[in-house]
Amino acid sequence: MTAEAQDTTALLLSRIRDVPDYPKPGVLFKDITPLLADPEAFTALTDSLAALCVTHGATKIVGLEARGFILAAPVAVRAGLGFVPVRKAGKLPGATLKQAYELEYGTAEIEVHAEDLADGERVMVIDDVLATGGTAEASIELIRRAGAGVAGVAVLMELGFLPGRARLEPALRGAPLEALITV
């Protein structure tokens with residue numbers, strides 16, 4: 001890791017607040033709102049994610065609801081790429097592609113406007129946190145069903161003690177999974 005990358009990592013980590021026992025006892029929540037409120041840290045995050053999109057040849061960016069939108073939209077602007085939201089089921093008007101996925105206690109669905117992704121595009125998935133990987137895995141399936149390819153997945157933070165990376169590796173089919181921070 002370069003000195004610049006180490007400085008960026010240190011800056012980002014310094015702006016992530018630990019909130020014990022949220023949303024339930026025993027959970028240590030990683031709150032990124034202080035990072036978003038700091039223009040230097042938010043710019044460093046945006047620049048780092050945009051650089052990954054360029055490095056991996058992305059032609060479009062998908063942001064996952066909801067905090068992924070906050071990160072992916074400015075990254076798309078910075079990288080000069082289009083932004084496509086992947087939303088919870090029922091939130092997008094018109095024709096959509098849906099994908100169900102497993103949660104810890106049940107299932108959920110996400111959607112995308114199929115016409116926003118095209119054959120030959122290389123799509124980078126951006127989100128704030130990689131935990132169990134279910135939403136990211138479902139978004140990869142949606143991207144492929146729409147006819148586009150997957151340039152990779154990039155997240156601010158990976159929770160290394162959870163199985164998200166192992167779950168995503170088969171779905172990625174060799175595409176990169178980039179985490180700026182692993183905790």
Side-chain angles (χ1 to χ4, degrees), residues 9 12-13 16 18-19 22-24 26-33 35-36 45 48-53 55-58 60-73 75-76 83-92 96-114 116-117 121-183:
T9 299
L12 298 177
L13 277 169
I16 297 171
D18 288 344
V19 181
Y22 182 82
K24 62 183 185 177
V27 174
L28 181 63
F29 184 77
K30 299 291 188 178
D31 181 14
I32 68 166
T33 59
L35 187 157
L36 300 174
L45 171 59
S48 296
L49 292 172
L52 290 174
C53 292
T55 296
H56 296 302
K60 201 160 269 180
I61 294 174
V62 155
L64 304 183
E65 188 166 333
R67 289 180 303 267
F69 295 175
I70 297 167
L71 305 185
V75 168
F83 166 73
V84 177
V86 169
R87 306 261 350 237
K88 295 175 184 172
K91 301 289 185 182
L92 291 172
T96 62
L97 291 175
K98 289 184 185 184
Q99 182 66 41
Y101 62 101
E102 297 289 323
L103 297 170
E104 188 175 353
Y105 299 106
T107 61
E109 282 187 324
I110 56 173
E111 303 180 314
V112 68
H113 282 134
D116 291 342
L117 300 172
E121 288 187 306
R122 293 182 41 79
V123 181
M124 181 68 81
V125 176
I126 294 184
D127 204 4
D128 63 329
V129 175
L130 174 62
T132 62
T135 308
E137 181 183 43
S139 72
I140 289 168
E141 179 63 25
L142 278 177
I143 290 164
R144 290 194 175 117
R145 286 179 47 214
V150 176
V153 174
V155 297
L156 163 59
M157 184 175 14
E158 178 181 354
L159 304 180
F161 55 90
L162 292 174
R165 182 172 289 270
R167 180 178 185 168
L168 280 184
E169 283 177 351
L172 284 165
R173 300 181 195 161
L177 169 56
E178 302 272 7
L180 299 180
I181 298 168
T182 301
V183 296

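- In this structure, Ile110 CD1 and Glu141 CD are separated by 10.0 Å, a value rounded to the nearest 0.5 Å.
- Proximity of Met124 to Val62: side-chain heavy atoms (C-beta onward) are nowhere separated by under 4.5 Å.
- Across all non-hydrogen atoms, the minimal contact from Leu172 to Arg144 is O-NH2, 3.4 Å.
- Atom CG in Asp116 sits 10.5 Å away from atom CG in Leu97 (nearest 0.5 Å).
- Contact annotation: the side chain of Leu71 approaches that of Leu36 to within less than 4.5 Å [non-hydrogen atoms, C-beta and beyond].
- A donor-acceptor contact shorter than 3.5 Å links the side chain of Glu65 to the backbone of Lys88.
- Using modelled atom types, no side-chain atom of Lys91 and backbone atom of Val86 make a donor-acceptor pair closer than 3.5 Å.
- With contacts defined as side-chain heavy-atom distances shorter than 4.5 Å, the pair Leu142/Arg145 qualifies.
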After noting the C-alpha distance and the side-chain angles of Leu156 and Leu12, does the key distance pass the side-chain contact (heavy atoms from CB on, under 4.5 Å) rule?
CA-CA 9 Å; Leu156 163 59; Leu12 298 177; 4.0 Å; yes
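- Side-chain contact between Leu52 and Leu180 is present, with heavy atoms from C-beta onward closer than 4.5 Å.
- A distance-only check finds a donor-acceptor pair linking the side chain of Arg122 to the backbone of His56 [under 3.5 Å].
- The CG atom of Leu159 lies 9.5 Å from the OG1 atom of Thr132; values are rounded to the nearest 0.5 Å.
- Salt bridge annotation for Arg67-Asp127: absent, with no cationic side-chain nitrogen under 4.0 angstrom from a carboxylate oxygen.
- Residues satisfying the side-chain hydrogen bond (donor to acceptor under 3.5 Å, both in side chains) criterion with Thr96, sequence neighbours excluded, are Glu111.
- Inter-residue side-chain proximity for Arg167 and Glu102 is flagged as met; some heavy-atom pair is nearer than 4.5 Å.
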Between Val153 and Ile126, does a side-chain contact (heavy atoms from CB on, under 4.5 Å) hold up when you go through it step by step?
CA-CA 6 Å; Val153 174; Ile126 294 184; over 6 Å; no
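- Listed here is the closest heavy atom pair of Leu130 and Gly133: CD1-CA, 3.6 Å.
- Residues Ala72 and Ile61 share a closest heavy-atom pair of CB-CG2, 3.8 Å.
- Contact of the Asp128 side chain with the Val155 side chain is not registered, since no non-hydrogen atoms from C-beta on lie closer than 4.5 Å.
- One finds the CD1 atom of Ile32 at 6.5 Å from the CE atom of Met157 (value rounded to the nearest 0.5 Å).
- For Ser139 against Val125, the heavy-atom pair with the smallest separation is OG-CG1, 3.6 Å.
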Stepwise side-chain contact (heavy atoms from CB on, under 4.5 Å) check, Lys30 with Val183:
CA-CA 10 Å; Lys30 299 291 188 178; Val183 296; 4.1 Å; yes
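- Using modelled atom types, one finds no donor on one side chain facing an acceptor on the other under 3.5 Å when comparing Thr107 with Tyr101.
- The two residues Leu92 and Pro85 come nearest to each other via the heavy atoms CD1-O, 4.4 Å.
- In this structure the side chain of Glu158 never reaches within 4.5 angstrom of the side chain of Val129, judged on heavy atoms.
- Counted within 6.0 Å of OH on Tyr22, heavy atoms from surrounding residues, nucleotides or ligands total 12 or fewer; the atom is thus considered open.
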Evaluate the side-chain contact (heavy atoms from CB on, under 4.5 Å) criterion for residues Leu117 and Val123: first the C-alpha distance (whole Å), next the side-chain angles of each, then the deciding distance (0.1 Å), finally the verdict.
CA-CA 8 Å; Leu117 300 172; Val123 181; 3.8 Å; yes
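- Partners of Glu109 by side-chain contact (heavy atoms from CB on, under 4.5 Å), not counting sequence neighbours, listed by chain and number: Ala89, Lys98, Ala100.
- Considering every non-hydrogen atom in both Gly149 and Ile143, the closest pair reads O-CG2, 3.6 Å.
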